[in-house]
There are 2 protein chains.
Amino acid sequence: MRQLQMRRTTLKDLAEMLQISTSTVSRALKDHPDISSAVKMKVKEAAETFNYVPNDFAVNFRKKSSKVIGLIVPEITMFFIPSIIKGISSVLNKEGYHFFILSSNDSFETEKEHIETCINSRVDGILISLTNETKDCDHLKKLKEMEIPTIIFDKTVPQNIFESVIFDNIKNAELCAEKLIDQGCKNILAIFGDENLEITQSRLISFKSSINQVPEINLSIIFCKSANLVKEKLDLLLDDDSIDGFFAMSDETLMGLHSSLIKRSLNNTNRKVVAISEGTLPKYLDETYEYQINDGYEMGTFAAIQLLTSIKKEASGTHETETAIHQI
Amino acid sequence: MRQLQMRRTTLKDLAEMLQISTSTVSRALKDHPDISSAVKMKVKEAAETFNYVPNDFAVNFRKKSSKVIGLIVPEITMFFIPSIIKGISSVLNKEGYHFFILSSNDSFETEKEHIETCINSRVDGILISLTNETKDCDHLKKLKEMEIPTIIFDKTVPQNIFESVIFDNIKNAELCAEKLIDQGCKNILAIFGDENLEITQSRLISFKSSINQVPEINLSIIFCKSANLVKEKLDLLLDDDSIDGFFAMSDETLMGLHSSLIKRSLNNTNRKVVAISEGTLPKYLDETYEYQINDGYEMGTFAAIQLLTSIKKEASGTHETETAIHQI
DNA sequence: TTGAAAGCGATACCAG
DNA sequence: CTGGTATCGCTTTCAA
């Protein structure tokens, strides 16, 4: 088995051609102040003409830093992933970092494997959003031991051992409730996702308590794990038009709701729809819907910046065990 | 500046502890037939207890293979990217490969930079979908010279120098046209994306020629680069209900159409909507819409498999310059 | 201002 | 079956 790729020009090659040492070439290439500008010129020219490209493997190996971070997500959804990727790329690429995407497919076991993978491939840091199955952070402890900077985002668990970035679920649910109240809705149907999720619970509690402050409102609540389930349930539920206000806690639940409303031609009747949403998609659904936006792009950038910060701290030897929770 | 990460157990550490050579340890760990099972046992046990993890940097460096591939896409869209990522992950992860996502943000310059980045980081292969600005493959020639296996997918250019994977645009547009014809539509509006794109042109030509076989059909065509533009144009155009058939060449154009139909409560009147679609989203829009599916997941798996195949060929020294175009 | 040389950690060839 | 050793390409002291 031969080499995977054609042999490339190395530092040594340049050194031999110019009859100087590799150390000098190395330093010249990175504008080290010790090197005379004459030599720098020569070296850079040669590097240019011979198409020299530093071998990142060797550099990483030597420096023990991969400039790679691992992104572990519970699943690849169309609502959240694209915006979060954009956000993360925008800050990481600027700093010369790359990232892998590893999807846990909603399996705790896969999540654990991915964490091992990240450790093995020597990532400089990890951004992770936990699966629905993940109940604690035990499997993350190793990361702490190995001092691998890690930020948890979006889906977290209560006993959090890392810095994390989440949306302000309380506030958003509250604002949605207020919109429905202001609209004068009296018969509200609220649609939530997976009942076991932290994010569902916090939105639920907040939404309910806001609505309950207006005693004349009649509130029904359903939980559905997928857009399809929402649709199925609603197709049965919506047999009268008495509901004048809908709340969807996410894009996914909103999609199911929209689908069902369309089917029953209820979309333009006298009812209000408000939702918590990532915001990319819903603008095309119906102009009358109102949203409280959870901006995935913003979360991505924020989390990435936090991670880079703690990578730098690690590198400089500071060892504060940050576990702050940032709400955005 | 100290090491980024805590020192980990190395082969040498194990060798010293067991008082044997590193070569033996290395071989034992990978079940080399030469090694006695007694030694293997000992070594593996030690590796286990001391939490030995091979240093991928060193391995890659030595073997000149990164087990990383670069995925370059023109933009991060919610319609295509999630499914393509899922498809690619599903085959690459199984084979121990990872991939970076690099988005060109529809800029030819950025695309070129990303290609450089991939070369620098010594990826084992590249999966690339070109931007709208990309008119030829000159910037890809370097990849050919350097013998970096590359597959172009979805967005290609006519003078293609690499193997590529595309959807069967001709067939799909044709089938959509037939659906509208079968439905008896007489006044059709067809919505296309960016007029300059290869994929737009092939869908356009095919769709038009199919429709034109039925002389009594009146066909109007519009081109819009984004869902928003579709909506804006339609909000002006749709002042009467005479259109009884719509064709959208993509999810993006379909979203604009849907939005506009909803707004005018035209969604449940007597008209047919057919579209070429990635398929993830549209099932929630309106049950009466019909689709010709371009499956991003399938494209992802297919492209990834092709890439792995050519990586293996490269490795074994076979040098067929494949430029086959696969339609799926 | 420059060079020599020591590794980083794993692999593989050649001996024994 | 096992050990010694060169090597991958680069960075980084230490010496000159």
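Owing to the predicted nature of the structure, the values given are computational and were not obtained by experimental measurement. For the numbers below, each heavy atom of this structure counts, side chains included, while hydrogens, waters and symmetry mates do not.
With sequence neighbours left out, Ser103(B) forms a side chain to side chain contact (heavy atoms under 4.5 Å, CB included) with Val73(B), Ile76(B), Asn105(B). Qualifying ring pair (Phe, Tyr, Trp, His ring centres under 6.0 Å) partners for Phe61(B), counting only residues two or more places apart in sequence or in other chains: Phe61(A). Partners of Lys112(A) under the side chain to side chain donor-acceptor pair (under 3.5 Å) rule, at least two apart in sequence or in another chain, do not exist in this structure.
Of the candidate nucleotides dT2(D), dG9(C), dG9(D), dT2(D) has the atom lying nearest to any side-chain atom of Thr24(B).
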Polar atoms only, N or O, under 3.5 Å: list the protein pairs with nucleotides 10-13 of chain C and their distances.
unit_1  : atom_1 : unit_2   : atom_2 : d
dA10(C) : OP1    : Tyr52(B) : OH     : 2.7
dA10(C) : OP1    : Asn55(B) : N      : 3.3
dA10(C) : OP2    : Leu11(B) : N      : 2.5
dT11(C) : OP1    : Lys30(B) : NZ     : 3.2
dT11(C) : OP2    : Ser26(B) : OG     : 3.0
dT11(C) : OP2    : Lys30(B) : NZ     : 3.2
dT11(C) : O2     : Arg62(B) : NH1    : 2.1
dA12(C) : N6     : Ser23(B) : OG     : 3.4
dC13(C) : N4     : Arg27(B) : NH1    : 3.2

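Residue pairs meeting the salt bridge (Lys or Arg N to Asp or Glu O under 4.0 Å) criterion with at least one member in residues 19-37 of chain A, sequence neighbours excluded: Asp31(A)-Lys40(A), Asp31(A)-Lys44(A).
The CD1 atom of Ile35(A) sits 14 Å away from the P atom of dT12(D) (whole-angstrom rounding). Per the geometry, CZ belonging to Arg8(A) stands 14 Å off C1' belonging to dC8(D), to the nearest Å. Atom-to-atom, CZ of Phe61(B) to P of dA6(D) comes out at 17 Å; the value is rounded to the nearest Å. With rounding to whole Å, Asp34(B) atom CG is found 16 Å from dA15(C) atom P. In this structure, Lys40(A) places its NZ atom 13 Å from C1' of dT2(C), rounding to the nearest Å. Put simply, CG on Asn60(B) is 15 Å from P on dC10(D), counting in whole angstrom units. Distance Glu16(B) CD to dG3(D) C1': 15 Å, rounded to the nearest Å. Rounded to an integer number of Å, the gap from His32(B) NE2 to dC1(D) C1' is 9 Å.
Residue Ser129(B) is tested with Ser104(B), Pro74(B), Ser164(B) for a side chain to side chain contact (heavy atoms under 4.5 Å, CB included); the sole match is Pro74(B).
Inter-residue side-chain proximity for Lys155(A) and Asn132(A) is flagged as met; some heavy-atom pair is nearer than 4.5 Å.
Ring geometry for Phe80(B) against Phe153(B) counts as tilted: the plane angle lies between 30° and 60°, on a 0 to 90° scale.
The C1' atoms of five pairs define one axis at each end of the helix from dT1(C)-dA16(D) to dG16(C)-dC1(D), and these two axes lie 40° apart (to 10°).
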Item to complete: Might you work through the salt bridge (charged side-chain N to carboxylate O under 4.0 Å, His left out) test for Lys67(A) and Glu95(A), ending with a clear yes or no?
Response: CA-CA 9 Å; Lys67(A) 288 282 189 178; Glu95(A) 304 280 337; over 6 Å; no

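For the pair Lys64(B) and Phe57(A), the cation does not sit on the ring face, since its NZ or CZ is not both under 6.0 Å from the ring centre and inside 45° of the axis.
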